[in-house]
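In what follows, a single structure is set out as structure tokens and then discussed.
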Amino acid sequence: MLSYSSFSDAELLELLKSEDTAAYTVIYNRYFHPLFIHALQKLNDKEEAQDIVHELFAQLWNKRSDIQIHTNLAAYLYSSVRNKILDHISKKQVRDKYVD
């Protein structure tokens, strides 16, 4: 049996593109907690931070065959979380403004 945890991010990414669920699981387990902590520091809300990171990983799986990463996987994931946080804050500001 292969030990996916010893694979590099680039190797896992190639396996992910070929619909390897074990590679996806390793990526998820490797990056969920650090991305969650990063999102939590920005949002100060556990549920929102968790939702954003889960949404990122769902999107990663759904777009696995089309994904083009030009840097490394960690940089891509952190940038994606940052963009999702900014989108979330923007939508929240619009919602709050509408309520007022």
Side-chain angles (χ1 to χ4, degrees):
M1 185 168 123
L2 290 173
S3 176
Y4 281 73
S5 60
S6 64
F7 285 14
S8 71
D9 287 350
E11 293 168 322
L12 290 171
L13 189 57
E14 287 305 313
L15 290 168
L16 177 68
K17 288 180 180 182
S18 64
E19 301 188 8
D20 190 324
T21 57
Y24 174 78
T25 302
V26 171
I27 292 169
Y28 181 90
N29 290 335
R30 189 176 287 178
Y31 287 105
F32 177 81
H33 189 70
L35 292 171
F36 170 72
I37 296 299
H38 180 70
L40 182 59
Q41 290 172 341
K42 304 297 181 198
L43 296 170
N44 295 321
D45 186 310
K46 285 183 180 182
E47 288 78 24
E48 288 179 354
Q50 192 172 33
D51 288 347
I52 284 174
V53 176
H54 279 262
E55 182 181 321
L56 169 64
F57 279 104
Q59 185 178 16
L60 181 67
W61 178 255
N62 291 333
K63 296 184 176 186
R64 65 192 173 277
S65 59
D66 301 327
I67 200 163
Q68 297 294 322
I69 297 178
H70 302 290
T71 57
N72 61 41
L73 182 59
Y76 174 82
L77 293 172
Y78 276 97
S79 295
S80 297
V81 165
R82 182 194 67 228
N83 292 337
K84 287 190 174 299
I85 289 169
L86 292 173
D87 288 345
H88 174 78
I89 291 170
S90 176
K91 288 176 184 175
K92 187 175 181 180
Q93 287 174 342
V94 168
R95 224 178 5 248
D96 291 348
K97 192 174 185 178
Y98 179 76
V99 168
D100 286 345

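If you're wondering where the values come from, they're calculated on a predicted model, not measured in any experiment.
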Can you name the closest pair of heavy atoms from [X] and [Y] and give their distance?
X   : Y   : result
S80 : L56 : CB-CD1, 3.3 Å
L16 : A23 : N-CB, 4.1 Å
Y31 : L73 : CE1-CD2, 4.1 Å

Min side-chain heavy-atom separation T71-I69 under 4.5 Å: yes
At what distance, to the nearest 0.5 angstrom, does [atom1] of [X] lie from [atom2] of [Y]?
X   : Y   : atom1 : atom2 : answer
L43 : H38 : CG    : NE2   : 9.5 Å
I85 : H88 : CD1   : NE2   : 9.0 Å
I89 : K91 : CD1   : NZ    : 12.5 Å
L77 : N72 : CG    : CG    : 9.0 Å

Residues that [X] engages under side chain to side chain donor-acceptor pair (under 3.5 Å), provided they are two or more places apart:
X   : value
E55 : K84
S79 : none
D87 : none

Q59 backbone acceptor or donor facing R64 side chain under 3.5 Å: no
H33 atom NE2, neighbour heavy-atom count above 12 within 6.0 Å: no
Shared hydrophobic cluster for L86 and I37 (ILVMFWY, side-chain gaps under 4.5 Å): no
By salt bridge (charged side-chain N to carboxylate O under 4.0 Å, His left out) - contacts of K42 (at least two apart): none
Pairs where residues 13-29 contributes a residue and the test side chain to side chain donor-acceptor pair (under 3.5 Å) is met, not counting sequence neighbours: Y4-D20
ring-ring contact (aromatic ring centres under 6.0 Å, His included) partners of Y76, counting only residues at least two apart: none
Criterion side chain to side chain contact (heavy atoms under 4.5 Å, CB included) on L35 and Y78, from CA distance to verdict: CA-CA 7 Å; L35 292 171; Y78 276 97; 3.8 Å; yes
Evaluation steps, side chain to side chain contact (heavy atoms under 4.5 Å, CB included), between I27 and D9: CA-CA 8 Å; I27 292 169; D9 287 350; 5.9 Å; no
